[in-house]
2 protein chains.
Amino acid sequence: MQRSDLPVYIQVRDQLWLWISEHRLGGQERLPAERELASRFNTTRVTVRQALGQLEAEGKIFRSNRRGWYVTPERLEYDPSRDIGFYNTVSEQGYTPSTETLSKELTEMPSWLAEISGLPEGTPVYHVLRRRSIDSRCVLVEHNYINPVNCPGLLSQDTDHSIWELLRETYNLHPSKRQIEIYPQALTGIEAEALGVNPGSAGLYMQRLTLDTDANFLEFDREYWVHDALKVSVQADQ
Amino acid sequence: MQRSDLPVYIQVRDQLWLWISEHRLGGQERLPAERELASRFNTTRVTVRQALGQLEAEGKIFRSNRRGWYVTPERLEYDPSRDIGFYNTVSEQGYTPSTETLSKELTEMPSWLAEISGLPEGTPVYHVLRRRSIDSRCVLVEHNYINPVNCPGLLSQDTDHSIWELLRETYNLHPSKRQIEIYPQALTGIEAEALGVNPGSAGLYMQRLTLDTDANFLEFDREYWVHDALKVSVQADQ
DNA sequence: AAATCAATCTGGTATATACCAGATATTAAG
DNA sequence: CTTAATATCTGGTATATACCAGATTGATTT
C-alpha cells in the first residue's frame, strides 16, 4: 500500500473497519484470515496484525485463539453497586448468560483478604471461582470470597446462577456498604488461560467489598473482564 | 534465547521485570534502549518489543514517544463520585499535579449532549478542554461541559485548578445526583495526540453527568486516561 | 553566553520469510 | 453411522533487516 502520508497500518485499520461496516458484520461474525487480508491490502501479515491490534484495542474486534478474528458485540451495561448480578444483567439486555463453576471450596482466609475484611487470618471462608460468558463468549472470571457465618451450606447450592440472589432469598442477607475498585489490568496467567485469551490481553479488573448493616464482612469479589465486554455504569446520589 | 518451553518474549518479559525490580528502578526511571536489550537478551528488537508490550499492558512500564521506556509510577486512587477533583486528589497522595487548559469557549450544546442533559439542542454551554499531568507525565485529557446558567463568567476564571472548587465556592453550586460510566477505551485521534501516546494505546474512558438537587443539568465530564495511571475507587452505600 | 546546525540516539514502521501449535475439516477405517 | 487418523487452515512466535522521524546531544558559529 502506502499512498497517503498516513502509516500503512492506520490505513489498513480504517479501510478494514470500513469494510466491516459496509458488510454489516455484526456481533461474533468472523473476519477473513490474516493472510487473506494481507494479500487483499497488498501488504504483509505483520502489518495486517498491527492494524488488527488497533481495532482490537478499540474494542471493535476480538480474537479467538487460533480460530480467527471476530466482530465485538455491544458492551454489556453493568452496575457493580447494585446486586442484581451478572445473570440478570445479561438477560435483561437480551443476551444469553452462562456460568461455569471452575472450583468451590471452604478455605482459610489468606492474609491479604484478612486485611481487607477485618477478620483474622485463617478464618474459614468460601471461595468460588467461576467463568462467565455472554452468548458463548467468555468475558469474565470471578473469585467470590464469602463469609460462611451467615450462609452455611452455600457450596452445596447451585452456583451457576446469581450468588447474590441466593444470599438474599435463601439466607436473607442484605448488603449495606460497598467499596469498589476498578482499573484496567492486563490478563495474564490463570485468568488469561481461563478466558482463552493471549497473555497480556487488555482487561478490566474490578473488586468489590460488601459489608452488612453492622459493617460485618459479607463478601469479597474479584472480577477479571475482557476489556471490550462491558461498560460500567454507576449511579451515585449524594 | 529459547531455553525453556516458554515463548521467548515471555521469558524476556519476566527477566526484564526481574532486572527492573532488582535494580529498584522507580517511577519514571528510564529503561535501557530496545537495541541494547535485544543484544543483552540475545534476541531481536521485534521480540524485545513484544516483551515490552506485555509489561506495558500490565501497566508496569510506559513509553514516551521516541524517547524511551520508563517505569510506571503507582496508580492514583481516584473517586469520581466525590467532587474533590483531580488537583486535590493528586496532591493528597503526594504527587505534583499540573493542568493545561487547551481551550475554553462558550458554545452550543450538540445533539448528543442535549439528549444526555435533557436540555434543548443549541442551548449555550461552556466547553473546557484540559490536559492534566502527574509529576509531569500527561495522564488525562478532559472535556468539561458546564451549564452557564448558574455560573456566569466562569471562563474568565482560572481553569487550571479544580473547576468543582470554583463551582462550589464561587457559585455555591452543589451536586446531588451523578451518573458515571467507565470502560476501557483505546486512545486515538486527538486524545492520543494530546497525551503524546501512540494511536491505539490502552486507555480508560470515564464520563460523569452531574445534576443538582432539582435534577437540573450542572455539568457533563468526559475523561480520557492513560490506562495505567489510575485506580477508580468508589464508595457506594445503600 | 546564546543561537544554530549537525550528528546521533531513540522508538516507529515496514517487508520478507519461516516454522510452530492449536482448531477445524476431511478422509479413511472400523 | 461412529470413530480415528490425517491434512489443512488459522493465528502465534521468531529472525533478520531496513529505513523513517522525532528527541536529544554536542559542536560550531555568532
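The structure displayed is predicted, hence computed values, not measured ones. Chain letters run A, B, ... following the sequence lines, proteins first and then strands; every chain starts at 1.
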Can you pull every protein N or O that's under 3.5 Å from an N or O on nucleotides 18-20 of chain C?
none

Between [X] ([atom1]) and [N] ([atom2]), how many Å, whole number?
X	N	atom1	atom2	answer
A/Asn65	C/dA21	CG	C1'	9 Å
B/Arg49	C/dA14	CZ	P	12 Å
B/Arg30	C/dC9	CZ	P	12 Å
A/Glu36	D/dT8	CD	P	19 Å
A/Tyr9	C/dT15	OH	P	13 Å
A/Arg63	C/dG22	CZ	P	17 Å
A/Phe41	C/dA14	CZ	P	14 Å
A/Leu37	D/dT10	CG	C1'	12 Å

Are A/Arg208 and A/Trp164 in a cation-pi setup, meaning NZ or CZ lies under 6.0 angstrom from the ring centre and within 45 degrees of the ring axis? no
Is there a side-chain polar atom (N or O) of [X] under 4.0 Å from OP1 or OP2 of [N]?
X	N	value
A/Ser64	D/dG11	no
B/Arg67	C/dG11	no
B/Asn198	C/dG12	yes
A/Thr44	C/dT17	no
A/Thr47	C/dT13	no

Does either side chain, that of B/Glu181 or that of B/Tyr183, offer a donor lying less than 3.5 Å from an acceptor on the other one?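 No - no donor-acceptor pair under 3.5 Å links their side chains.
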Those residues that, when tested against B/His127, pass ring pair (Phe, Tyr, Trp, His ring centres under 6.0 Å) (two or more places apart): B/His143, B/Tyr145
Does A/Tyr9 have any ring pair (Phe, Tyr, Trp, His ring centres under 6.0 Å) partners at least two apart in sequence or in another chain, and if so, which? none
Apply the side chain to side chain contact (heavy atoms under 4.5 Å, CB included) test between A/Arg13 and each candidate in A/Leu55, A/Val48, A/Val8, A/Leu18; give the one that qualifies.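 When A/Leu55, A/Val48, A/Val8, A/Leu18 are each tested with A/Arg13, the side chain to side chain contact (heavy atoms under 4.5 Å, CB included) holds only for A/Leu55.
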Candidate list A/Thr107, A/Ile146, A/Asn144, test side chain to side chain contact (heavy atoms under 4.5 Å, CB included), partner A/Tyr126, passing option: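 Exactly one pass, corresponding to A/Ile146.
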Which residue lies more 5' along DNA chain D, comparing B/Ile10 with A/Leu31 via nearest heavy atoms: A/Leu31
Can you tabulate the close N/O pairs, meaning under 3.5 Å, that link protein atoms to atoms of nucleotides 5-7 of chain D?
none

Any idea which of D/dA14, D/dG11, C/dG11 is nearest the B/Pro7 side chain?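 Looking only at heavy atoms from C-beta outward on B/Pro7, the closest nucleotide is D/dA14.
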Which atom pairs, one a donor and one an acceptor, fall under 3.5 Å between side chains of residues 56-64 of chain A and the rest of the protein, sequence neighbours left out?
| unit_1 | atom_1 | unit_2 | atom_2 | d |
| --- | --- | --- | --- | --- |
| A/Glu56 | OE1 | A/Arg63 | NH2 | 2.9 |
| A/Glu56 | OE2 | A/Arg63 | NE | 2.9 |
| A/Glu58 | OE1 | A/Lys60 | NZ | 2.7 |
| A/Ser64 | OG | A/Arg67 | NE | 3.1 |
| A/Ser64 | OG | A/Arg67 | NH2 | 3.3 |

Considering residues at least two apart in sequence or located in another chain, which fulfil the side-chain hydrogen bond (donor to acceptor under 3.5 Å, both in side chains) criterion with A/Tyr78?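 Per chain and number, A/Tyr78 pairs via side-chain hydrogen bond (donor to acceptor under 3.5 Å, both in side chains) with A/Glu223.
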Got a sec: does the CD of B/Glu29 have more than 12 other heavy atoms crowding it under 6.0 Å?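 Yes, CD of B/Glu29 has more than 12 neighbouring heavy atoms, counting only those of other groups under 6.0 Å.
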Would you find more than 12 non-hydrogen atoms of other residues, nucleotides or ligands less than 6.0 Å from B/Glu108 atom CD?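 Incorrect, the count does not exceed 12.
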Residue closer to the 5' end of DNA chain C, A/Val46 versus A/Tyr70 (nearest nucleotide):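 So the residue in question is A/Val46.
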